[in-house]
Participant: 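Encoded as structure tokens, here's the structure I'll be asking about.
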Amino acid sequence: MPELPEVETIVKGLKKVLKGKVINSLECYYPGTIIYDTDIEATPFPAKVLELCRRGKYIIITLETDNAIIIHLRMTGKLVFDVLPSEPLQYERARIILHNSEVLHFIDIRTFGKIIICKQQNEEQYLPILGIEPFSKNFNANHLKAILKGKEASIKTVLLNQSIIAGLGNIYTCEILYRAGINPLMPAGKLSHKEIVEIVQQTLAVLSEAISLGGTSISDYRNIDDKTGSFQDFLKVYQKQFCPLGHKIERIKQSGRSTFFCPICQKNKS
DNA sequence: CAATGATCCTGTCCGC
DNA sequence: TGCGGACAGGATCATT
């Protein structure tokens, strides 16, 4: 479900309610949702929250105790901040309980999401290799050109690959390629300099707009106040019948995922 | 190596 | 109304 703008929105919200607060306990209601690092002490709580950040689609919560909590929401996970009810809610897989009966519900219909608690020094082993952050200063045309060089996979597949660029998912890759006017089937290594410049610019534009609108809520995504984002109102191709110019949108499969694109506006062919 | 497919789950939607 | 199949913001692992 959530891609970079949604995770970024969630982290912003979490900072307001978690930073400096004390976590009293974690509760797990679905086996496997919470993963404990083998180096974690028997009673890691209470522990004060030092800092929160996003890396790709991962949420990382740094605790004062040299431990960290890593959260990945996968497809349907959401975090909802509330005051403590006693019974688990529907689809609530885990819960982070704070000091003054405040609670963060981890709600996840499809149960793919995970909460990991580990030693900060072990963080790396719980995170996959993640590529460049779109908002880092290295994310520019020359650098991207070097990354894409020689790649025969389609540009859509490459943009989705978290080990190459961290944070893009199916919605935003479709939207970026539409705005850049690039056919998603185009081999990544064959793009011109101008096309790569366009991808960089449109990636930053789309992600920034989406963040400023609180993300995209197609079905499950909500921020920590359980409110929807509004970027779905500005999608141009994802799950659309027609592009803004009235052309028929085509839907194909790439790496097992649906790609939506306009064959007229995104003309450069493989 | 890179590229595909199955898999982890539950819910929704569409066609028959 | 009911049922089967396809599909869903993701990522991993096995296979080819």
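Note that the coordinates shown come from a computational prediction; the quantities given were computed from them, not determined experimentally.
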Participant: Check whether any side-chain N or O of Y58(A) sits under 4.0 Å from OP1 or OP2 of dA11(C), and answer yes or no.
Facilitator: no

Participant: In whole angstrom, give the distance that lies between atom NZ of K156(A) and atom C1' of dT4(B).
Facilitator: 15 Å

Participant: What is the distance, to the nearest angstrom, from the CZ atom on F260(A) to the C1' atom on dA8(C)?
Facilitator: 10 Å

Participant: Find the distance I129(A):CD1 to dC1(B):P and express it as a whole number of Å.
Facilitator: 12 Å

Participant: Describe the nucleic acid contact of Y172(A) in one word from base, sugar-phosphate, nothing, applying a heavy-atom distance below 4.0 Å.
Facilitator: nothing

Participant: Does the structure show F112(A) stacking with dC9(B), if we require the centres to be closer than 5.5 Å and the planes to be within less than 30 degrees of parallel?
Facilitator: no

Participant: Checking side-chain polar atoms at under 3.5 Å, does T157(A) have a donor or acceptor matched by the opposite partner on Q254(A)?
Facilitator: no

Participant: For the side chain of Q239(A), counting heavy atoms from C-beta on, which of dA8(C), dC9(B), dT12(C) is nearest?
Facilitator: dA8(C)

Participant: Whole-Å distance between dC13(B) C1' and D220(A) CG?
Facilitator: 14 Å

Participant: Identify the nucleotide, in any strand shown, that forms a Watson-Crick or G-U wobble pair with dT15(C), with both distances under 3.5 Å; if there is none, say none.
Facilitator: dA3(B)

Participant: For dC7(C) versus dG5(B), give the span between their P atoms, rounded off to a whole number of Å.
Facilitator: 13 Å

Participant: Please state how far atom CG in L73(A) lies from atom C1' in dA8(C), giving the value in whole angstrom units.
Facilitator: 16 Å

Participant: Looking at K253(A), does any N or O in its side chain come under 4.0 Å of the phosphate oxygens OP1/OP2 on dA3(B)?
Facilitator: no

Participant: Taking the side chain of R74(A) as its heavy atoms from C-beta onward, which of dC9(B), dA3(B), dA11(C) lies nearest to it?
Facilitator: dA11(C)

Participant: From the set dA11(C), dC8(B), dA8(C), return the single nucleotide nearest to any side-chain atom of R251(A).
Facilitator: dA8(C)

Participant: On a whole-Å scale, what distance lies between the P atoms belonging to dC13(C) and dC9(B)?
Facilitator: 15 Å

Participant: Determine the contact category for K114(A): base if any of its heavy atoms lies under 4.0 Å from a base atom, sugar-phosphate if only primed atoms, P, OP1 or OP2 are that close, otherwise nothing.
Facilitator: nothing

Participant: Do D108(A) and T76(A) get their side chains close enough for a donor-acceptor pair, meaning under 3.5 Å?
Facilitator: yes

Participant: Where the side chain of S258(A) is defined as all heavy atoms beyond and including C-beta, which of dA8(C), dG11(B), dT12(C) is the nearest nucleotide?
Facilitator: dA8(C)

Participant: Under 3.5 Å, is there a donor-acceptor pair between the N67(A) and K119(A) side chains?
Facilitator: yes

Participant: Can a donor-acceptor pair be found between the side chains of K145(A) and H193(A) at a distance below 3.5 Å?
Facilitator: yes

Participant: What is the separation between atom CD1 on I218(A) and atom P on dC13(B), rounded to the nearest whole Å?
Facilitator: 13 Å

Participant: Let me know the distance between CG of L4(A) and P of dA11(C), rounded to the nearest Å.
Facilitator: 11 Å

Participant: At 4.0 Å (heavy atoms only), tell me whether G256(A) reaches a base, stays on the sugar-phosphate, or touches nothing.
Facilitator: nothing

Participant: Out of dA8(C), dA11(C), dG11(B), which nucleotide sits closest to the side chain of H72(A)?
Facilitator: dA11(C)

Participant: Which nucleotide in the list dT10(B), dT12(C), dC9(B) gets nearest to the side chain of R93(A)?
Facilitator: dT10(B)

Participant: Strictly by modelled atom types, are S163(A) and N161(A) linked by a side-chain donor-acceptor pair under 3.5 Å?
Facilitator: yes

Participant: Measure the distance from CD on Q162(A) to C1' on dA2(B) and round it to the nearest whole Å.
Facilitator: 17 Å

Participant: With sugar-phosphate meaning primed atoms plus P, OP1 and OP2, does K57(A) contact a base, only sugar-phosphate, or nothing at under 4.0 Å between heavy atoms?
Facilitator: sugar-phosphate

Participant: Think K240(A) forms a cation-pi with F260(A), using NZ or CZ under 6.0 Å from the six-ring centre and within 45 degrees of its axis?
Facilitator: no

